[in-house]
Amino acid sequence: MKNILRFVLLFISIQSFSQTKVLSWNLENFGKSKSQSGLNFVAKTILDYDIVTIQEVVAGYGGAQAVAKLVSILNEKGSKWDYTISDPTSSSSYKTERYAFIWKTNKVKLKGNAWLEKKYHLEIDREPFFATFEINKKTVTLVSFHAITKTKQPETEIKYFKFLPQEYPNLNLIFTGDFNCPEKHSVFNPLKKMGYSSILTNQKTTLKQKCNGDVCLASEFDNMFYNNKSLNYINSGVLLFYQKFNTLQEARKISDHIPIWFEFSLN
């Protein structure tokens, strides 16, 4: 009986270690405007995930410092975390920003250096940020992205994503971030034809200015797209963090987007 129990516990521990949980969050203007209490709230929200990617890190003074402070808070909570921040995006006609990746060092390892995709930097205002992580001797590459706003037609940028699997044929790509565009838009069809699936369907991820009764979410903008031939989908969802605040105005000091998450194992 003891041997059976040991085997069950070992199987559970192996299964849990082989599963990876990724969280993606557009943390609106993430920089010096974020208070200590705000950073503490963000840290508590993301604590149970293995890899976190942040969009909309301020490019100027305060952005990189806010990420470093966040990681310092996380490191006080038990697990060891590390991080990497992109250079400012090369946008000339739109708002330049940074991206960040944060990860638990006992679960994943950054392989090489993260990089901004330069090939389409003229066509994409805030070019995506790539990072390859090693998990149990297998690898996955997260591609974090923040598209131009809906009024500027983000599909004119997203259409270039169909070329990225060909650009990086040896990488197992997960596209994640704020696309300012719903997954049902036809611009994602080429990726879907290649075997990519979205983790969310008909899920709004941005906050309204004011709740209409219980309806507080506005648009289907944030998502992840993964190759279902190389990843096993386990679970996904969103975190309705605003419900922990008395008003939507207070919640919006953290962000105007909710976090999205994806749990998977690698084939």
Look at the side chain of Asn223 and the backbone N and O of Leu200, then say whether any donor-acceptor pair between them is shorter than 3.5 Å.
-> yes

Return the minimal non-hydrogen interatomic distance between Val187 and Cys181, and the atom names on each side.
-> CG1-SG, 4.3 Å

Dump the intermediate steps for side chain to side chain contact (heavy atoms under 4.5 Å, CB included) on Leu164 and Tyr120, then the final yes or no.
-> CA-CA 10 Å; Leu164 295 175; Tyr120 301 105; 4.1 Å; yes

Smallest separation among heavy atoms of Ile158 and Phe188, with atom names = CG2-CE2, 3.6 Å

Ring-ring centroid check Trp25 Phe41, cutoff 6.0 Å = no

With Thr206, which residues qualify under side-chain hydrogen bond (donor to acceptor under 3.5 Å, both in side chains), at least two apart?
-> none

Sequence neighbours excluded, the answer for side-chain contact (heavy atoms from CB on, under 4.5 Å) partners of Lys69 is Leu39

Hey, is the main chain of Thr89 close enough, under 3.5 Å, to the side chain of Thr96 for a donor-acceptor pair?
-> yes

What's the spacing between Asn75 CG and Trp81 CH2 if we round to 0.5 Å?
-> 9.0 Å

Check against side chain to side chain contact (heavy atoms under 4.5 Å, CB included), Leu240 and Leu217 = CA-CA 9 Å; Leu240 305 178; Leu217 297 175; 4.1 Å; yes

According to the interplanar angle, ranging from 0 to 90°, do the rings of Phe245 and Phe241 count as parallel (below 30°), tilted (30 to 60°) or perpendicular (above 60°)?
-> perpendicular

Only one of Tyr99, Phe130, Phe175 clears side chain to side chain contact (heavy atoms under 4.5 Å, CB included) with Ser144; which?
-> Tyr99

Looking only at non-hydrogen atoms, find the nearest pair between Leu27 and Lys34 and report the distance.
-> O-CE, 4.2 Å

Give, for atom CG of Asn235 and atom CD of Gln19, the distance between the pair rounded to the nearest 0.5 Å.
-> 9.5 Å

Who passes side-chain contact (heavy atoms from CB on, under 4.5 Å) against Lys77, sequence neighbours left out?
-> Ala43, Leu47, Ile73

Check step by step if side chain to side chain contact (heavy atoms under 4.5 Å, CB included) holds for Ile234 and Ser265.
-> CA-CA 7 Å; Ile234 297 171; Ser265 63; 4.2 Å; yes

Salt bridge (charged side-chain N to carboxylate O under 4.0 Å, His left out) partners for Glu155, two or more places apart | none

Mark yes or no for whether Ser86, through its side chain, and Phe129, through its backbone, hold a donor-acceptor pair below 3.5 Å.
-> no

Test: Glu183 and Lys192 ion pair at under 4.0 Å | yes

Under 4.5 Å between any side-chain heavy atoms of Val52 and Val22, yes or no?
-> no

Not counting sequence neighbours, which residues clear side-chain contact (heavy atoms from CB on, under 4.5 Å) with Ala131? List them please.
-> Phe101, Leu110, Ala114, Phe133

side-chain hydrogen bond (donor to acceptor under 3.5 Å, both in side chains) between Ser230 and Asn267, intermediate numbers included = CA-CA 5 Å; Ser230 53; Asn267 285 343; 6.0 Å; no

Is Glu127 reaching over with its side chain to a backbone N or O of Ser90, donor-acceptor style, under 3.5 angstrom?
-> yes

Of all residues at least two apart in sequence or in a different chain, which pass the side-chain contact (heavy atoms from CB on, under 4.5 Å) check with Leu266?
-> Ile135, Lys138, Val140, Asn172, Leu231, Phe264

Any donor-acceptor N/O pair, Arg252 side chain to Leu207 backbone, under 3.5 Å = yes

Atom NZ of Lys80 with >12 non-hydrogen neighbours under 6.0 angstrom = yes

Is it true that Val58 and Phe30 fall in one hydrophobic cluster, defined by side-chain heavy atoms closer than 4.5 Å?
-> no

Ser72 side chain to Ala68 backbone, donor-acceptor under 3.5 Å | no

Between the main-chain N or O of Ala251 and the side-chain N or O of Lys244, is there a donor-acceptor pair closer than 3.5 Å?
-> no

What's the spacing between Tyr168 OH and Thr132 OG1 if we round to 0.5 Å?
-> 9.5 Å

In this structure, OG of Ser236 is separated from CD1 of Ile260 (nearest 0.5 Å) by 9.0 Å

Do you see a donor-acceptor pair shorter than 3.5 Å between the side chains of Asn180 and Thr149?
-> no

For the side chain of Arg98 and the backbone of Ala59, is there at least one donor-acceptor N/O pair under 3.5 Å apart?
-> yes

Evaluate side-chain hydrogen bond (donor to acceptor under 3.5 Å, both in side chains) for Thr105 paired with Asp82, printing each intermediate quantity in order.
-> CA-CA 7 Å; Thr105 58; Asp82 203 352; over 6 Å; no

Residues in side-chain hydrogen bond (donor to acceptor under 3.5 Å, both in side chains) contact with Ser37, at least two apart in sequence or another chain | Ser35

Salt bridge (charged side-chain N to carboxylate O under 4.0 Å, His left out) partners for Asp256, two or more places apart = none

Is it the case that more than 12 heavy atoms not belonging to Lys210 sit under 6.0 Å from its NZ atom?
-> no

Could you list all the salt bridge (Lys or Arg N to Asp or Glu O under 4.0 Å) pairs where at least one residue sits in residues 215-228, not counting sequence neighbours?
-> Lys184-Glu220

Residue pairs meeting salt bridge (Lys or Arg N to Asp or Glu O under 4.0 Å), one or both in residues 157-167, sequence neighbours left out, come to Lys119-Glu167

By salt bridge (charged side-chain N to carboxylate O under 4.0 Å, His left out) - contacts of Lys229 (at least two apart) | none

Distance-only side-chain donor-acceptor flag, Thr20 / Glu263, under 3.5 Å | no

Compute the ring centroids of Tyr196 and Phe225, then answer whether they are less than 6.0 Å apart.
-> no

Side chain to side chain contact (heavy atoms under 4.5 Å, CB included) assessment of Leu142 paired with Ile174 | CA-CA 5 Å; Leu142 295 181; Ile174 300 177; 3.6 Å; yes

Kindly compute the distance separating CG (Asn228) from OH (Tyr226), expressed to the nearest 0.5 Å.
-> 5.5 Å

Flag the pair Phe161 / Phe145 as yes when their ring centroid distance falls below 6.0 Å, and as no otherwise.
-> yes

Treating Ile, Leu, Val, Met, Phe, Trp and Tyr as nodes and any side-chain heavy-atom pair under 4.5 angstrom as an edge, say whether Phe179 and Phe221 lie in one connected cluster.
-> no

Taking salt bridge (charged side-chain N to carboxylate O under 4.0 Å, His left out) as the test, write out the residues that go with Glu97, two or more places apart.
-> Lys95, Arg126

Out of curiosity, Tyr242 OH to Glu250 CD, how far, rounded to the nearest 0.5 Å?
-> 15.0 Å

Residues Asp178, Gln55; criterion side-chain hydrogen bond (donor to acceptor under 3.5 Å, both in side chains); working and verdict = CA-CA 8 Å; Asp178 172 10; Gln55 299 89 37; over 6 Å; no

